[in-house]
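Let me give you the structure first, and then I'll get to my questions.
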Amino acid sequence: MAVKIITFGTFDVFHIGHIKILERARSLGDYLIVGVSSDKLNFKKKNRYPIYNQNDRIDIISSLKYVDEVFIEESLELKEYYIKSFNADILVMGNDWEGKFDHLGKICKVIYLPRTPSISTTEIIEIAKAR
Ligand code: C2G
């Protein structure tokens, strides 16, 4: 049976760290589903709207060869619901979320992958501003 992986993120100002985690997530199974945070959810989490709006972020993520299915993540609290509705076997998160989703281990395997060092959307924005 195909192993389904699910992961979540904003993926704003798409960069190599995003590609790497999606590539590694996909390599753990056969089918990768990505929940892309809505603009509203991002505002709630980070107190600012993303640079790229959710339609553009969805288009970017959908176009990747590692990604099989994409949906909008409307709330951080709906993870259990999303995992069950997509029948996901493994939840992958970056290790900046280490420990935060261990409780979901009751419905699927939970794996935290190390972040790619020295790159982040926030840093790219800061560098661009300073130029
Ligand atoms: N990432 C990474 N290396 C980086 C930067 C990001 O591996 N240098 C990973 C993050 O760990 C995450 C994914 O790329 O798994 C998307 O990163 P963000 O857009 O920053 O995700 P975030 O806003 O933390 O949203 O429900 C959870 C949230 O939606 C996660």
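Whatever order the structure lists them in is the order used to number ligands and atoms, beginning at 1. Predicted model only: the values in this text are computed from it and were never measured. One is the number of the first residue; the rest follow in order along the sequence.
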Side chains of Asn42 and Thr10, donor plus acceptor under 3.5 Å: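 Yes, side-chain donor-acceptor contact under 3.5 Å.
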Within 6.0 Å of NZ in Lys45, more than 12 heavy atoms from elsewhere: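 Buried by this count: over 12 neighbours within 6.0 Å.
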Pairs involving residues 102-114, ordered by first then second residue, that meet side chain to side chain donor-acceptor pair (under 3.5 Å) (sequence neighbours left out):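 Only Glu80-Lys106, Asp102-Tyr112 qualify under side chain to side chain donor-acceptor pair (under 3.5 Å).
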Distance, nearest 0.5 Å, that separates CG of Asn53 from OG of Ser38: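 Here the rounded value is 11.5 Å.
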In a simple table, one pair per line, please give the protein and ligand 1 atom names for every N or O pair closer than 3.5 Å, along with the distance.
from: ligand 1; atom 1: 3 (N); to: Thr116; atom 2: N; distance (Å): 3.0
from: ligand 1; atom 1: 8 (N); to: Thr116; atom 2: O; distance (Å): 2.8
from: ligand 1; atom 1: 8 (N); to: Ile119; atom 2: O; distance (Å): 2.6
from: ligand 1; atom 1: 11 (O); to: Asp96; atom 2: OD1; distance (Å): 3.0
from: ligand 1; atom 1: 15 (O); to: Gly94; atom 2: N; distance (Å): 3.4
from: ligand 1; atom 1: 19 (O); to: Thr10; atom 2: N; distance (Å): 3.0
from: ligand 1; atom 1: 19 (O); to: Phe11; atom 2: N; distance (Å): 2.8
from: ligand 1; atom 1: 23 (O); to: Thr10; atom 2: OG1; distance (Å): 2.8
from: ligand 1; atom 1: 23 (O); to: Lys45; atom 2: NZ; distance (Å): 3.2
from: ligand 1; atom 1: 23 (O); to: Lys46; atom 2: NZ; distance (Å): 2.7
from: ligand 1; atom 1: 24 (O); to: Trp97; atom 2: NE1; distance (Å): 3.1
from: ligand 1; atom 1: 25 (O); to: Lys45; atom 2: NZ; distance (Å): 3.0
from: ligand 1; atom 1: 26 (O); to: Glu73; atom 2: OE1; distance (Å): 3.2
from: ligand 1; atom 1: 26 (O); to: Glu73; atom 2: OE2; distance (Å): 2.7
from: ligand 1; atom 1: 26 (O); to: Lys79; atom 2: NZ; distance (Å): 2.5
from: ligand 1; atom 1: 29 (O); to: Ser37; atom 2: OG; distance (Å): 3.0
from: ligand 1; atom 1: 29 (O); to: Lys45; atom 2: NZ; distance (Å): 3.1
from: ligand 1; atom 1: 29 (O); to: Glu73; atom 2: OE1; distance (Å): 2.7

Asp30 versus Met1, closest heavy-atom pair with distance: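 Residues Asp30 and Met1, closest heavy atoms: OD2-O, 4.2 Å.
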Test: Lys79 cationic atom under 6.0 Å from Phe8 six-membered ring centre, within 45° of axis: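 Yes - Lys79 lies over the ring of Phe8, closer than 6.0 Å to its centre and within 45° of its axis.
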